[in-house]
Every structure is written in structure tokens, then in C-alpha cells.
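The next block holds one structure in the form of C-alpha cells; read it before the comments.
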Amino acid sequence: MRAIDELVSEARAEIAGATTTADLREVERKYLGKSGALRGLLKSVGAMPAEERPAFGQRVNEAAARVQAEMEARASELRAGERVAQFAAERLDVSLPGRRRRVGNPHILQQTTDRIKEVFVGLGFEYLESPELEQFRYNFDALNYPEDHPAMDEQDTFYVEGDLLLRTQCTALQGRVFENRKPPIRAFTVGRTFRNEAVDRTHGHTFHQVDVFMVDEGVSMAHLKWTLGTFARAMLGPEVKIRFRPDFFPFVEPGVDYAISTPKFAGGRWLELGGAGLVHPNILEHYGIDSERYSGFAFGLGVERLPMLRYGVDDLRHFLENDLRFLEQFPA
Ligand code: FA5
């Protein structure tokens, strides 16, 4: 029948001309839908003589099947093209360098603190926390500072209120411990200390100290020297030299300061690391510890000075400036 053939060729032309799958759906609706041009022909079947109906129905169905087959073939072509276009639009250049996630690492002072703790714990000393905001009496009175002694001027600090101040030295731990414990005592603390200080390459207003002390029978300067030497070599290497010189601190007798020389720092120039001595008998007696029977050593030192000596850092202000170009040089 001509009408059928014409409709088929019209439909084929439109299928060939479709450029998107949406166009094809439109063609499908137009020809193959229930009321579409081709299948719609079936509606007229009722008006036909009964003997023509089956053959007509069959032709319409065959024609529809052909159109359907062509439509599917074209649809899969178009879908492939559309996928390619979609891929092109969503293309990722996997060769572009990714965004690097910055992974932090512990601050060099934290690394140093961790190592200090390892070393002293390894030597049998107990680590104790201690407050940065300290009472005047622990920072000074308990440490045998006579009232208005000039040694206090060397440690001017930031007074807060009442008898609270920002501690000038970690030695303030001693009184807190002697109040509660009896010998044998081996303890240390590490923490932040503060002084009203003229800031320069080796002095900050905020810095860190370690303070270590031991009280037992028969403790002498020999124990002090051995402990300090072992610590210094563990932190800075076997080639360090230590120099002791007499010095005064109200809380020790005798008192010394000690300096370190290592080839890595300023060509071997001495850098003062800290102070030390034997715990003053006045302090032991004040806390009810028999100074005839017991003696102790104590030493304190500046934490910043250790990485200065170890890595040849020439200015301690770098440690608190948080410049990544400096900090990144000390990966953990
Ligand atoms: C003291 O602070 C004593 N408590 C040390 C001590 C402990 C002596 C036990 C005897 C027995 P001194 O003020 O010297 O001492 O400080 C000790 C160390 O802390 C110094 O050698 C230095 O390494 C460091 N230090 C002191 N002041 C500063 C500062 N302003 N900035 C950086 N480091 C400092």
C-alpha cells in the first residue's frame, strides 16, 4: 500500500536527519506512537473488508518493525556520539600535578623537648608537669633567695596579680616536690619560662628550660658532671666539650655555670647552656630533709640552646617567629 511505503520513507528520512536522541524520540512518537502516523493506520482497519484486515495489519506491523529497527540503530550511533561529547566535556587532565597537601611536623622545640624527656626518663628521672603561672614563693622564696637579693634583678619577670608571676626558671618545681616527697628523689621538668629581658640573639623574653634534680645519700658534683655529660652527648653528639665555671645561684652551693662547645656551632665557640650545683643545705633543711645525710644536685638549661648548638642556628628568635622557611628545615 502506498501510504505505508510513503510513511516509511518519510520516517527513514527523519531518522537519518535526527542529530540527537531527543530528535529520535520525537520521530518515534510521530510514527510509532499509539496515535502516530504509522501505527495510527491500524485504527482504520475496522473500516476495511474483513478479508483485507489481516494482510493490512501485518504490513503495518512489518513497516513499524523496520522503522523501529532503523531507529534503534540510529539511536545507538547517536548515543555513542553523545557519550564521546560528554567525555570530552568532562575530560580530566590526569597529567596535571595535583594539589599537594601540606603535612605539618612537630616544631623543632617540641622535637627537642621530646628527646630531652626520652633521655632523662632513660636515666631514671621522673618527668613532672609544672605551672608556667607560678607563685612568687616557689619561683624565689623556696629557692633560698634572701629578700630583695640582687640575684632577683637578673630574673625580672611579668607579675600578674597577687603573688602570681610568669615563672623565670623551671627550678620553681623544686619546692613543690620537696613539700611532698622524701629522698630518694630524681625528677625533672621541661617548660616555658619568661623574663623581662633585653632580647638578642641568645636571649628571648619567652624561652624554655629543663630543670633536673636528684637528692639521695652521697650525691656529689661527680654525679652532676656525669649526668650532664651523658645528657649533652645524647643530645648533641659524642664530640661535645663541656666547660664548668664557678657561678652563684642562691639555691646551690657550690654553684657553676656550664658551656658547650661543638664544631657545629660558631666554629666551636663556647655557648652557655645552663647553671648547676649542689642543692643548698638551707633548702633541704627548710623542707625537713637532713642535709648531713642527704645531698643533691640540680641543673637547669635553656632548651633553645640545644638546637642552636646542634644545627648551628645563630639566632634564637627564629624559634618563635614561625617562619615556615625556618621550621621546614627540621622535619621530624
Ligand atoms: C637559671 O635559670 C637557673 N635556674 C639554672 C640552675 C638550675 C642553676 C639549677 C643551678 C641549679 P640562668 O638564669 O643562667 O639560670 O638560666 C639558665 C639557662 O637558661 C641559661 O644558661 C640559658 O641557656 C637559658 N636562658 C636564660 N635566660 C634566657 C633567655 N632570656 N633566653 C633564652 N635562654 C635563656
Side-chain angles (χ1 to χ4, degrees), residues 109 112-113 116 120 125 130 134 138-140 142-145 149-158 165-175 177-178 185-215 219 221 223-225 227-228 231-232 235-236 242-261 265 270-284 295-310 313-320:
L109 291 180
T112 308
T113 301
I116 290 169
F120 284 119
F125 288 80
S130 52
E134 186 53 282
Y138 290 119
N139 199 86
F140 292 120
L143 292 173
N144 197 37
Y145 282 82
H149 192 278
M152 274 167 54
D153 295 343
E154 285 174 21
Q155 299 198 4
D156 187 20
T157 184
F158 305 93
L165 48 75
L166 294 179
R167 68 174 168 194
T168 61
Q169 50 187 345
C170 281
T171 320
L173 173 69
Q174 273 188 24
V177 172
F178 290 146
I185 299 169
R186 272 184 284 182
F188 74 107
T189 193
V190 189
R192 195 169 287 171
T193 41
F194 310 84
R195 288 185 197 179
N196 180 6
E197 186 93 67
V199 170
D200 62 23
R201 281 165 175 267
T202 49
H203 294 86
H205 49 74
T206 302
F207 56 104
H208 297 77
Q209 283 192 335
V210 193
D211 217 89
V212 185
F213 60 97
M214 164 171 182
V215 180
V219 174
M221 288 297 277
H223 298 101
L224 168 68
K225 287 188 84 169
T227 307
L228 248 174
F231 169 72
M235 297 299 295
L236 302 170
I242 309 180
R243 180 188 71 186
F244 288 81
R245 293 192 304 195
D247 199 354
F248 172 78
F249 300 94
F251 37 94
V252 285
E253 180 57 39
V256 294
D257 67 40
Y258 51 96
I260 299 279
S261 147
F265 181 80
W270 294 104
L271 178 68
E272 185 193 298
L273 185 60
L278 294 185
V279 178
H280 200 290
N282 284 357
I283 297 179
L284 297 178
S295 56
F297 70 66
F299 60 89
L301 55 98
V303 172
E304 283 77 1
R305 308 242 168 142
L306 293 165
M308 289 179 84
L309 287 160
R310 176 156 174 201
V313 177
D314 60 355
D315 193 327
L316 124 174
R317 286 169 286 201
H318 291 309
F319 292 116
L320 292 183

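Just so you know, ligand 1 is whichever comes first in the structure, and atom 1 is the first atom listed for that ligand.
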### Message
Can you confirm whether the side chains of D200 and H203 place a donor and an acceptor under 3.5 Å from each other?
### Response
yes

### Query
How close do A298 and V279 get, heavy atom to heavy atom, and via which atoms?
CB-CG2, 4.1 Å

If you measure from each non-hydrogen atom of [X] to ligand 1, which part falls under 4.0 Å: side chain, backbone, both or neither?
X: T193; value: neither
X: F251; value: side chain
X: H203; value: both

Could you tell me the residue and atom name of the protein heavy atom closest to [atom], and the distance to it rounded to 0.1 Å?
atom: atom 21 (O) of ligand 1; answer: E272 OE2, 2.6 Å
atom: atom 6 (C) of ligand 1; answer: G275 O, 3.5 Å
atom: atom 7 (C) of ligand 1; answer: G300 N, 3.2 Å

### Query
Is there a side-chain contact between T168 and T193, using heavy atoms and a 4.5 Å cut-off?
no

### Message
With heavy-atom distances below 4.5 Å as the criterion, would you say the side chains of V256 and P246 are in contact?
### Response
no

### Task
Over 60° means perpendicular and under 30° means parallel, so classify the ring planes of Y258 and F299, tilted if in between.
perpendicular

### Message
For Y145 and F251, take the angle between the two ring planes, folded into 0 to 90°, and tell me which bin it lands in: parallel under 30, tilted 30 to 60, perpendicular over 60.
### Response
tilted

### Message
Below the 3.5 angstrom mark, is there an N/O of L273, backbone or side chain, next to an N/O of ligand 1?
### Response
yes

### Query
Hey, is ligand 1 close enough to R195 that some N/O pair sits below 3.5 Å?
yes

### Carboxylate-amine/guanidinium contact D314 R201, below 4.0 Å
yes

### ring-ring contact (aromatic ring centres under 6.0 Å, His included) against F319, all qualifying residues, sequence neighbours excluded
F326

### Min heavy-atom dist Q155 to ligand 1 below 4.0 Å
yes

### Query
Heavy-atom contact under 4.0 Å between T202 and ligand 1?
yes

### Task
Measure centre to centre between the rings of F194 and F158, then say whether the value is under 6.0 Å.
no

### Message
I want to know whether F213 and F188 have ring centres closer than 6.0 Å.
### Response
no

What atoms of ligand 1 come within less than 4.0 Å of a heavy atom belonging to [X]?
X: L316; value: 32 (C)
X: D211; value: 7 (C)
X: G274; value: 18 (C), 21 (O)
X: A276; value: 8 (C), 10 (C), 11 (C)
X: R305; value: 22 (C), 23 (O), 33 (N), 34 (C)

To which of [options] does the heavy atom nearest [atom] belong?
atom: atom 11 (C) of ligand 1; options: A298, G204, G302, A172; answer: A298
atom: atom 16 (O) of ligand 1; options: Q209, E197, Q169; answer: Q209
atom: atom 25 (N) of ligand 1; options: F207, Y258, F249, F297; answer: F207

### Task
List in chain and number order the residues that pass side-chain hydrogen bond (donor to acceptor under 3.5 Å, both in side chains) with R167, two or more places apart in sequence or in another chain; answer none if no residue qualifies.
S130

